[in-house]
There are 2 protein chains.
Amino acid sequence: MTAQRRAVIEVIQTANEHLDAAALLDLARNREPGIDRATVYRTIELLKRLRLIDELDLMHLQGEKHYYEVKTRRDHVHLACFRCGRIEEYSSPLFEQLKAEITEQAGFEIRVTRLEVGGNCHACAEAEKKAQREASAKPR
Amino acid sequence: MTAQRRAVIEVIQTANEHLDAAALLDLARNREPGIDRATVYRTIELLKRLRLIDELDLMHLQGEKHYYEVKTRRDHVHLACFRCGRIEEYSSPLFEQLKAEITEQAGFEIRVTRLEVGGNCHACAEAEKKAQREASAKPR
DNA sequence: GGGCTAGTTGCGACTGGGTCGCAATCAATA
DNA sequence: TATTGATTGCGACCCAGTCGCAACTAGCCC
């Protein structure tokens, strides 16, 4: 357990949004100035292997980066809005049921799950509907 | 509609496994020798936007590549085995229910979903159990 | 406390998937 | 058939992530 690892872990734990590796590096440097990019990646790798964090793609809304979050008791869905870029989290007993079904029916031993949904969030869906109504009310 | 696009589309449609961009390029070159990498990427982009294909990460089992498949009537889960690397597909009414619930409860307008599960497939789970039994039966 | 060693770090070079700008070309329409 | 907006090929480029290696250090044992 080195100072560098502690810094990375603390940053992930205290973050209240999804961080990518670059953001993680910046924040970790506040605590441990000299820390290197490679070290951050290696620590992420380690934490993934230990199942302490989950890796997310968030529908590649912002390029190919990966995001990280501490693994919670309950898996959740990430809802990524293509329009405003917001990420919502959603969890449901149905998801748990689905995982149980997969384990049972397919005999698959689940270690990680990643359910990402892309589309329009509630606010953006409403906004688009409104825009459409206005466009058809006054056709050119 | 150019010959290059036709080539890419035909390759994806007739493929019976998940292709990454590089494989797609190779196969497309069989049909359309001069076709360029950038063109393939641009066509993939286009097909994604038109919702004709889905993009998969397959749990980054083989690095950061993306894989593509033609969008089917029914969404399915991809089960990626960390041990043997096989990809299984699984679909269930529960998944459909979950999507309906998200639409309703969160007011989220779903356009794409990606559910990937990593772990051990049935065969590999059995193999590991067997290996463990043998290891504990004859401790050093 | 001091020395030993396996494991960790920093560095720099590298890989590989994917993107971009631009000039040349082409498909589709009039 | 002439026109033109879209598409292509090319080369340079970007950026996330990886690797090999020498230097360093945490943690243990004495």
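Every heavy atom of this structure was used, including side-chain atoms; hydrogens, water molecules and symmetry mates were not. Remember, predicted model here, so these are calculated numbers, not experimental data. Letters A, B, ... mirror the listed sequences (proteins, then strands); counts begin at 1.
Taking 4.0 angstrom as the limit, A:His66 places none of its side-chain polar atoms (N or O) nearer than this to OP1 or OP2 of D:dA16.
Side-chain atoms of A:Thr14 come within 3.5 Å of backbone atoms of A:Glu10 as a donor-acceptor pair (strictly under, hydrogens ignored). The backbone N or O of A:Ile53 sits nowhere less than 3.5 Å from a side-chain atom of A:Glu69 that would complete a donor-acceptor pair. Between the side chain of A:Glu116 and the backbone N or O of A:Leu58 there is at least one donor-acceptor pair closer than 3.5 Å. Side chain of A:Arg29 to main chain of A:Ile35: a donor-acceptor pair is present (N/O by atom type, distance under 3.5 Å, no hydrogens or angles).
For the segment residues 6-17 of chain B, no residue has any heavy atom less than 4.0 angstrom from an atom of DNA chain C. Within residues 25-47 of chain B, the residues that place at least one heavy atom under 4.0 Å from DNA chain C are, in residue-number order, B:Arg37, B:Ala38, B:Tyr41, B:Arg42.
Evaluated for a side chain to side chain donor-acceptor pair (under 3.5 Å) with A:Asp54, the options A:His18, A:Lys71, A:Arg114 yield exactly one hit, A:Lys71. Checked against A:Val117 for a side-chain contact (heavy atoms from CB on, under 4.5 Å), the options B:Thr113, B:Thr103, B:Val112, B:Leu98 give a single hit: B:Thr113.
No side-chain heavy atom of A:Asp75 sits under 4.5 Å from any side-chain heavy atom of A:Ser91. A:Val70 places a side-chain heavy atom less than 4.5 Å from the side chain of A:Ile12. Side chains of B:Glu55 and A:His60 form a contact here, defined as non-hydrogen atoms less than 4.5 Å apart. When side chains are defined from C-beta on, A:Arg83 does not count as touching B:Glu109, because their heavy atoms never get closer than 4.5 Å.
The CG atom of A:Asp57 sits 13 Å away from the C1' atom of D:dA16 (whole-angstrom rounding). Rounding to whole angstrom units, CG of residue A:Asp20 and C1' of D:dG17 are separated by 12 Å.
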Would you tabulate the pairs of protein nitrogen or oxygen atoms and nucleotide nitrogen or oxygen atoms of nucleotides 23-27 of chain D closer than 3.5 angstrom?
none

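Under the rule for a salt bridge (charged side-chain N to carboxylate O under 4.0 Å, His left out), B:Glu89 has no partner lying at least two apart in sequence or in another chain.
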Exercise for the section: Let me see the working for A:Tyr90 and B:Glu101 under side-chain contact (heavy atoms from CB on, under 4.5 Å), right down to the final yes or no. Expected result: CA-CA 10 Å; A:Tyr90 183 90; B:Glu101 194 193 86; 2.6 Å; yes

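Hydrophobic cluster membership differs between B:Leu47 and B:Tyr41, with clusters built from Ile, Leu, Val, Met, Phe, Trp and Tyr side chains linked at under 4.5 angstrom.
With a cutoff of under 4.0 Å to any heavy atom of chain A, the contacted region of DNA chain C is bounded 5' to 3' by C:dT8 to C:dA13.
Terminal axes of the helix from C:dG1-D:dC30 to C:dA30-D:dT1 (five pairs each, C1' rotation axis) are separated by 40°, to the nearest 10°.
Counting any heavy atom pair closer than 4.0 Å across all strands shown, B:Ala21 reaches sugar-phosphate atoms only and no base atom.
Relative to the six-membered ring of A:Tyr67, A:Lys65 misses at least one condition, a distance below 6.0 Å or an angle of at most 45° to the axis.
Shown here for B:Phe82 and B:Met59, the closest heavy-atom pair between the two residues is CE2-CB, 4.3 Å.
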